[in-house]
Amino acid sequence: MKRNSKEAIVESAITLFNRNGYDGTSIRDIAGHAKVNIANISYYFNGKHGLLEHCFTTYFENYMEVLEAASHRDFNSISEKLKHVVREIIEFQWQNLQLTRFVLREVSIDSQVVREIMSTYYVKERYYLLSILEEGIEKKEFAKQSVQYSMIQLKSFLTMPFLNASYIQEVLHIYLNEAYFIKKYLIEINRWIDEVLCSSYSLTVSN
């Protein structure tokens, strides 16, 4: 048995899931790409569905660890805290680009596994992000606004480039794997925080 066979299986699965889709990838494909015996996949993951759940769990456990750590840090202003949280999330997703692309695409499809993710990880994510937005409004650092609709905008910033990587590259000619992307994108998100969330303009839409 290869020393890093489990890691090789996971890496191969992510690569092939991204290339061919989950349904279009077989256990035999993964085993061949990872250069392991098919029995190894059953041993470690109990089949393809177990491998899918492993990918989800790995991604969201690490994602939540990053989000929680960033949210618990103290800053002089709520806007600086939000910028820090955003930067940590974007950098985590960028450092795990292939896994992020696959997971975000899969959770856009309704399934029992996805519903479980929504009721656990995404509920926790909502708590942390909404808490920051609500605190900013309460302390009058952020304009009065619908936090739910602000969340839609914030989540779009956090996910759109990774979920639509082909569009970003082929249509906009922006290359996510380049470090320049992170630098430039964070500048644009920070501008949204400063000029929209922190605007003195008060929306009349109720929460």
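- Between Val85 and Leu129, some side-chain heavy-atom pair lies under the 4.5 Å cut-off.
- The backbone N or O of His54 sits nowhere less than 3.5 Å from a side-chain atom of Thr57 that would complete a donor-acceptor pair.
- Ring to ring, His72 and Tyr128 are close: their centroids are under 6.0 angstrom apart.
- Electrostatic pairing of Lys83 and Asp194 counts as a salt bridge here, judged by a charged N lying under 4.0 Å from a carboxylate O.
- A side chain to side chain contact (heavy atoms under 4.5 Å, CB included) with Tyr121 is found for one member of Phe60, Phe56, Tyr59 and no other, namely Phe60.
- Put simply, the side chain of Asn18 gets close to the backbone of Gln98: a donor and an acceptor are under 3.5 Å apart.
- Side-chain atoms of Glu141 come within 3.5 Å of backbone atoms of Ile78 as a donor-acceptor pair (strictly under, hydrogens ignored).
- Atom CG of Asn190 and atom CD of Glu195 lie 11.0 Å apart (nearest 0.5 Å).
- Between Leu197 and Ser79 there is no side-chain heavy-atom pair separated by less than 4.5 Å.
- How far CG of Asn62 is from CD of Gln95: 11.0 Å, rounded to the nearest 0.5 Å.
- Distance alone, capped at 3.5 Å, places no donor-acceptor pair between the Ser12 side chain and the Ile9 backbone.
- A distance of 9.5 Å separates NE2 in His84 from CD1 in Ile132, rounded to the nearest 0.5 Å.
- At distances below 3.5 Å, at least one donor-acceptor pair connects side-chain atoms of Asn164 with backbone N or O atoms of Met160.
- Between Tyr185 atom OH and Leu176 atom CG the span is 9.0 Å, to the nearest 0.5 Å.
- No side-chain donor-acceptor contact under 3.5 Å links Asn46 to the backbone of Ser42.
- A distance-only check finds no donor-acceptor pair linking the side chain of Trp94 to the backbone of Ile182 [under 3.5 Å].
- Shown here is Glu65, whose CD atom has no more than 12 heavy atoms of other residues, nucleotides or ligands within 6.0 Å.
- Partners of Glu53 by side-chain hydrogen bond (donor to acceptor under 3.5 Å, both in side chains), not counting sequence neighbours, listed by chain and number: His49.
- When atom types are taken as modelled, the side chain of Gln145 and the backbone of Ala143 share a donor-acceptor pair closer than 3.5 angstrom.
- Distance check: Ile90 CD1 to Thr159 OG1 gives 8.5 Å after rounding to the nearest 0.5 Å.
- A distance of 7.5 Å separates CD of Gln153 from OG of Ser156, quoted to the nearest 0.5 Å.
- Ring pair Tyr63/Tyr122: centre-to-centre distance not below 6.0 Å.
- Taking a 6.0 Å sphere around OH of Tyr175, one finds it holds more than 12 heavy atoms contributed by other residues, nucleotides or ligands.
- With salt bridges taken as basic N to acidic carboxylate O contacts below 4.0 Å, one links Glu125 and Lys155.
- Between the side chain of Lys81 and the backbone N or O of Ser71, at least one donor-acceptor pair lies under 3.5 Å.
- Looking only at distances, no side-chain donor or acceptor of Lys35 sits under 3.5 Å from a matching main-chain atom of Ala8.
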Chi angles and distances behind the side-chain contact (heavy atoms from CB on, under 4.5 Å) call for Leu82, Phe142: CA-CA 11 Å; Leu82 181 57; Phe142 296 161; 4.2 Å; yes
Take Ile174 and Gln169 through the side-chain contact (heavy atoms from CB on, under 4.5 Å) test and state the conclusion after the steps. CA-CA 5 Å; Ile174 296 173; Gln169 179 170 318; over 6 Å; no
